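Scroll down for the structure; my scribbles are underneath it.
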Amino acid sequence: MAERYYHPSEIESKWQKNWRDAGIDTTERDPGREKFYCLEMFPYPSGKIHMGHIRNYVIGDVITRYKKMNGFNVLHPMGWDAFGLPAENAAINNGIHPSIWTEENIVSMKAQIEKIGASYDWARELATCRPEYYRWNQWFFIKMYERGLAYKKNSLVNWCQSCATVLANEQVIDGKCWRCDGDVVQKELEQWFFRITAYAEELLAGCDTLAGWPDHVVAMQKNWIGKSYGAEVDFQVAGSGDVAGGVPGPGSTIRIFTTRPDTLFGVTFMCLSPLHPLAASLCENAAELEMVKNAYGKADEKVGVFTGKYAINPVNGESIPIYVANFVLMQYGTGAIMSVPAHDQRDFEFARKYGLPVRRVIIPDGGVVSAELQSAYEEDGTLADSGQFTGRHNRDAIKSIIGYLKEKGKGEEVVNFKLRDWGISRQRYWGTPIPIVYCRNCGVVPVPETRLPVILPPDVKLTGKGGSPLAEAESFVNTDCPKCGAPARRETDTMDTFVDSSWYFVRFCGKSGEPPLDGDNIKYFMPVDQYIGGVEHAVLHLLYSRFFTRAMRDLGIVGFDEPFTRLLTQGMVCKETWKCDEHGWIFPEEVKDGKCIHCGRDALRGRVEKMSKSKKNVVAPDDIITKYGADTVRVFALFAAPPEKDMEWSDQGVEGASRFLNRLWTLVHNIIGKRNPINPIHGERVKCFEAEAKMPGVSYGNLFRKTHQTIRKVTTAIEKDYHFNTAIAALMELLNDMYSFESSVDKGDAAMFYAASKMVLLLSPFAPHICEELWRELKMGSNGSIFLEPWPELDESAAKEEELELVVQVDGKVRGKQMIPAGLPEEAVKSAALENEKVRDHLAGKTVKNVMVVRGKLVSIVTEKR
RNA sequence: GCCGGUGUGGUGGAAUAGGCAGACGCGACGGACUCAAAAUCCGUUGAGGGCGACCUCGUGGGGGUUCGACUCCCCCCACCGGCACCA
């Protein structure tokens, strides 16, 4: 037989086809077996897969294959987050219909994904842009509408001028659009909302049950929900209450929210948001109010104007000026605040600018009171100048002050959240139509379930200008009222695409033809045991999914609260960059001998950055797979760093991974070449071999032991925290040992064979193609595919060392090492240590005070100090 | 500003439960093979000192706890990420 070389492209396409034909990656519901649901965040079908995708899917695939070999019935689906702006932009720019553009991209991206050898059950593939999928977005919308969880309100929205659409708060980053980086302005529009705030308390409490999530993601969720305790307090506008009976008229009371009712006696003025309903009526100068309005939301400067009116502080009856100030947000609290410049930095700055009085009511404990405050004192202390509460500790007094307000009918305890309702209306074409009809007689009418889906009309002109493209489609807009049959108009907004991804994981529980919300399927496969994706979704997608899951629970669709039991947020794929003073970012190919090839200036090694087109440091997965094979790419992607950390792509690192697989290939073929008639794997001979190999002093015992130690290392590395990099390192070590193993006896060949077969099994989740090939060539197993084999079992007694290296410390420093038999009693270890020659040298002239024995590791000797 | 994270050789990264710091890979250096190169294989590789067996220092910096600290505690520095006038 001619010598065989490792040709990844041949064996990879061969096995991918074989696996597909044999259907080994499809999953059936099987209540008799324990399930495991492994899910990677589904991609937007942009047409090109990048290294970030590869890393994500490879991590998921390793977990999937590992769990399958451990007997789990693993669900591992893949689909397409297929609605969204790029398709629409392609239509605007190139005249391709979004649906065609998207479907074509799906075809090419699927082909790319298949090339990495990921074991997806494609029978469950979905694309959110298809009516059979988005129909259920509409169904959920109607269910939510029926329960008051979907509603419409006139509101100020974040409007991206270049995308000409509304953005959710989460989609605005530093005042810019998350997608196009364009300016975002405030605009008033009628919008549909999901009442996520109805679940605010529950979503927050649920955070504490997310034990399998990274701490920082849980922290971000909590932060986003932003619960704070405080009070709402009524301030009466001076003069307005002087009516008969002392009852204030409408519009004469201003309600504020504060987390610091303890500072009420320090209030010296109050501020309204320029958007506050009373701002216009209280403010005497409309032009000035307009100026403040224009400065609203600008963080760099505090701008305010005195309204000319005063309010009465309910705790001390003082009259304080009312301002309108740009920094007071309308969306949070009541849109009005009490200002305590002495104890709030923002109020302090405002007071300074407008020459308002500062009154201290909290004195630092034991601290000296300086003449004048340089900044607000926001810490705790003792109340001063605070009426009946003077002298008490400020924290302790909070409850009493709230009680006092309550008694007088001037306020109450209130809990506030930063979380706001989820605006889902988008003035876009390529999304799910909101299933609502407006009828002149009946008003707002939801489309009945039986008439779903409301199909996106195919023939719509997309110009990228103006409002909803659907509004232009007469045939779509004009309809009959489902209730009374009169002519009516359809809602022309579409849904935020985050709606699509808020429940797709449930859809995967059924195959493509099956009903999407089948109870048996969901009950068996949900929740997702392991979810894997980028941190960029730490708040948005994950919070929405948690909300949807609760909504689904209340609809009786699911029987649990949290959709994702464990979450892994993988790090970014980065690479070094190059820069040149003249040309900016340059490709590595544009650097020759440290110079830019265009201008001859020095090429500067830039920072290691996330791969991006603009930084010219992208590596195309296709190219690299063609060159090295998918297995090499997989091994490198996993070896370079633990999955949750950023990894640096390095061409030499890829070479190293490739070298490792080549070495394995060569070694296994050498073993097959001189195959010993003893096949240690089958039947009685295995037992016989294993028993002998465990006996002390056997020449091939070390390799046998190393094999089992590797089983342990790889297994625990995967089980403990998915640190695949150390698992692969352990396999490299085993391979190195096999290379240096020299055998003089027949059983030695058997030990090599044994090690090789375990090695191939252990590596198979990481590098599936080469391992399947080698497994078959070793003529191992009776199941055919290596992926139908059980994971190697660890024999603890086989992994145990016969002898170990004892480390002896004297006064905390390592002074001697020696080999001792394993399992020696403590006293024997102690005396061995004390008798060690080098140790004795170091003990000369000293008195031994204490000797500590750490079992199996070291002896620490302490001497008398003088 | 608040919250979270990270900091280890030339480099990516390892170090059960406080117990030999630097596994494994990359790079570099030396050697073998070759007419030569590539590939491959075998060595060496934290720093400093000593002819030497060895010694000293060393996990961002400074303290502390401990027989013993990359690991635990306190303070500080740097970088990264999230939130940010949230009252």
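Remember, predicted model here, so these are calculated numbers, not experimental data. Every chain is numbered from 1 and lettered A, B, ... according to where its sequence line falls, protein lines coming before strand lines.
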Rounded to the nearest angstrom, tell me the gap between atom CG in L763(A) and atom C1' in rC24(B).
14 Å

Distances for protein N/O vs nucleotides 17-19 of chain B N/O pairs under 3.5 angstrom?
unit_1  : atom_1 : unit_2  : atom_2 : d
rG19(B) : N2     : Q809(A) : OE1    : 2.9

Answer yes or no: are there more than 12 heavy-atom neighbours, outside K227(A) itself, under 6.0 Å from its atom NZ?
yes

F660(A) has an atom CZ; how far is it from atom P of rC24(B), in whole Å?
13 Å

Who pairs with D234(A) by salt bridge (Lys or Arg N to Asp or Glu O under 4.0 Å), at least two apart in sequence or on another chain?
R255(A)

Passing candidate, side-chain contact (heavy atoms from CB on, under 4.5 Å) with R260(A), options N394(A), D344(A), I401(A)
N394(A)

In whole angstrom, give me the gap between the P atoms of rU44(B) and rA53(B).
15 Å

Inter-nucleotide C1' distance (rA23(B), rG68(B)), Å rounded:
22 Å

In whole angstrom, what separates I728(A)'s CD1 from rA23(B)'s P?
18 Å

Without decimals, in angstroms, what is the distance between I820(A) CD1 and rC20(B) C1'?
14 Å

Can you tell me which nucleotide in rA87(B), rG13(B), rC83(B) comes closest to the side chain of A641(A)?
rG13(B)

How would you list, by chain and number, every residue that makes a ring-ring contact (aromatic ring centres under 6.0 Å, His included) with H541(A), sequence neighbours excluded?
Y531(A), H537(A)

Is it the case that more than 12 heavy atoms not belonging to Y229(A) sit under 6.0 Å from its OH atom?
no

Output all residues satisfying ring-ring contact (aromatic ring centres under 6.0 Å, His included) with F348(A), sequence neighbours left out; order by chain, then residue number.
none

Which value, in whole Å, describes the distance between the C1' atoms of nucleotides rG12(B) and rU16(B)?
24 Å

Does the distance from a Lys or Arg side-chain N to an Asp or Glu carboxylate O, for K222(A) and D208(A), drop under 4.0 Å?
yes

Just to verify, what does R815(A) make a side-chain contact (heavy atoms from CB on, under 4.5 Å) with, not counting sequence neighbours?
V810(A), K813(A), H842(A)

R815(A) near the nucleic acid: base, sugar-phosphate alone, or nothing, with a heavy-atom cut-off under 4.0 Å?
sugar-phosphate

Applying a 4.0 Å non-hydrogen cut-off, can you work out what V328(A) is touching in the nucleic acid: base, sugar-phosphate, or nothing?
base

S228(A) near the nucleic acid: base, sugar-phosphate alone, or nothing, with a heavy-atom cut-off under 4.0 Å?
sugar-phosphate

Between N850(A) and T334(A), just flag the one whose closest nucleotide in RNA chain B comes earlier from the 5' side.
N850(A)

Would you tabulate the pairs of protein nitrogen or oxygen atoms and nucleotide nitrogen or oxygen atoms of nucleotides 25-27 of chain B closer than 3.5 angstrom?
unit_1  : atom_1 : unit_2  : atom_2 : d
rG25(B) : OP1    : N736(A) : ND2    : 3.2
rC26(B) : OP1    : R659(A) : NH1    : 2.5

Would you mind classifying the nucleic acid contact of N725(A) as base, sugar-phosphate or nothing, using non-hydrogen atoms under 4.0 angstrom?
sugar-phosphate

Is a salt bridge present between K706(A) and E733(A), judged by a nitrogen-to-oxygen distance below 4.0 Å?
yes

For the P atoms, the ones on rG30(B) and on rC80(B), what distance do you get once it is rounded to whole angstrom?
39 Å

Residues which pass side chain to side chain donor-acceptor pair (under 3.5 Å) with H708(A), listed by chain and number, not counting sequence neighbours:
Y754(A)

Once side-chain contact (heavy atoms from CB on, under 4.5 Å) is applied, do any residues pair with N294(A), and if so which ones, sequence neighbours excluded?
E290(A)

Please list, pair by pair, any protein nitrogen or oxygen found under 3.5 Å from a nitrogen or oxygen in nucleotides 76-81 of chain B.
none

Dot-bracket pairing map - RNA chain B, Watson-Crick plus G-U, both contacts under 3.5 Å, | cross-strand
(((((((..(((......[....)))((((((.......))))))((((....))))..(((((..]....))))))))))))....

Base, sugar-phosphate, or nothing: which does E301(A) touch, judged by heavy atoms less than 4.0 Å apart?
base

Aromatic ring proximity, centroids under 6.0 angstrom, Y323(A) and F350(A):
yes

Roughly, in whole Å, what's the span from CG in L638(A) to C1' in rG12(B)?
14 Å

Set of ring-ring contact (aromatic ring centres under 6.0 Å, His included) partners for F660(A), sequence neighbours left out
none

For I225(A) and rC83(B), what is the distance between atoms CD1 and P respectively, to the nearest whole Å?
15 Å

Could you give the distance separating rG9(B) and rU59(B) at their P atoms, to the nearest angstrom?
9 Å

Taking atom C1' in both rG46(B) and rA15(B), compute the distance separating them and give it to the nearest angstrom.
16 Å

Could you tell me if the side chain of N662(A) sits less than 4.5 Å from the side chain of Y5(A), heavy atoms only?
no

Using the P atom as the reference point in each nucleotide, state the distance between rC42(B) and rG25(B) in Å, no decimals.
11 Å

Under the ring-ring contact (aromatic ring centres under 6.0 Å, His included) test, residues paired with W649(A) that sit two or more places apart:
F636(A)

